[in-house]
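Taking it in order: structure first as structure tokens, then the write-up.
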Amino acid sequence: MDLLTSISPKDIVDILIVSYVIYKLILLVRGTRAIQLMKGILVVVITWAFSIWFKLSTLQWLMNQTLTFGVVGIVIIFQPELRRALEQLGRGKLFSRLSTEEDQDVNKRIGEVIRAAHYLAKRKIGALIVFEKETGLTDYVESGIAIESKISAELLINIFIPNTPLHDGAVIVRQSQLMAAGCYLPLSENPFISKELGTRHRAAIGMSEVSDAMCIIVSEETGQISLTMNGHIVRDIKEESLIAKLFEELKPKAKTKEKNPFLKWKGRSNG
């Protein structure tokens, strides 16, 4: 009881600020190789605590040396993440923006993708665009050619133009960045997929089966635009429905009422 009464409002504010900063830093490294490095650091810290608890002097000395030089190592290892955090801090983007600004950013991204998809579909140029959500797709990003550029319709169109180095494979989008092109995706082994669907569609379905990613496919045979999510595909989706679904799923902190928003389309998935 004395402990609770000794906590002042200033202490509560202090704890909340630190908790929020830690939360934003976790979001910053989510889906990157930094997560694995942090796990390694955690193992070192646990080993150090273990050596102190059981008084293992040799192991404790070794861990002390590791932690002493580890600070410099952390700066070197996490240099890309630290630079990105400082850049975002300088631009005022490390902390949450107003919801209207977030909606405008999502609208702009979706608009660029829709414009590119419409151009490619009109000319029957095949394309596969993957939107990363909660599940990190770093392994698939690393299978392609790194781009790390802002999303633009012109860039997407140039990537998928036939006979260019990056046209074969998928483009992966992480938030407002086009991370990589020419990425390899897992093919779906679902035996009930329509035989009309080719490798590009099977890869999109496979990606949506192993993650919560959304995939847009442009067919080079028909020029139809399709959308996959949660292992289901909606073929020849109308532009208005596509925009609405993308905004619903990509809008920050958006929540859907259904566990599987594609259940109502399940009957069309293979048609």
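Being a predicted model, the structure only gives us computed values, none of them experimental.
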Arg115 to Tyr119, cation-pi by 6.0 Å centre distance and 45° axis angle
no
Sidechain-backbone polar pair: Asp14 side chain, Lys10 backbone, donor-acceptor under 3.5 Å:
no
Check whether Asp212 reaches the backbone of Thr135 with its side chain - one donor and one acceptor, N or O, closer than 3.5 Å.
yes
Is there a chain of hydrophobic side chains (I, L, V, M, F, W, Y, each step under 4.5 Å between heavy atoms) that links [X] to [Y]?
X: Tyr184; Y: Ile129; value: no
X: Val45; Y: Val43; value: no
X: Leu155; Y: Ile114; value: yes
X: Val44; Y: Ile46; value: no

For the student: nearest non-hydrogen atoms of [X] and [Y], plus distance:
X: Ile205; Y: Ile193; answer: CD1-CD1, 3.8 Å
X: Ala213; Y: Leu137; answer: CB-CD1, 4.0 Å
X: Ile233; Y: Ile217; answer: CD1-CD1, 4.4 Å
X: Ile151; Y: Glu112; answer: O-CG, 3.9 Å
X: Leu250; Y: Lys133; answer: CD2-CG, 4.5 Å

Count the heavy atoms belonging to other residues, nucleotides or ligands that lie under 6.0 Å from [atom1] of [X], then report whether that count exceeds 12.
X: His118; atom1: NE2; answer: no
X: Gln65; atom1: CD; answer: yes
X: Ile145; atom1: CD1; answer: no

Side-chain heavy atoms of Thr228 within contact of Met207, under 4.5 Å
no
Would you check if Pro162 and Glu220 make a side-chain contact, meaning some heavy-atom pair closer than 4.5 Å?
no
Could you tell me which residues satisfy side chain to side chain contact (heavy atoms under 4.5 Å, CB included) with Ser219, sequence neighbours excluded, listed by chain and number?
His201, Glu221, Thr222
Please enumerate all residues that pass side chain to side chain contact (heavy atoms under 4.5 Å, CB included) together with Asp11, with sequence neighbours excluded.
Ile7, Ser8
Residue pair Asp105, Arg109: steps toward the salt bridge (Lys or Arg N to Asp or Glu O under 4.0 Å) verdict
CA-CA 6 Å; Asp105 183 55; Arg109 279 184 274 155; 3.4 Å; yes
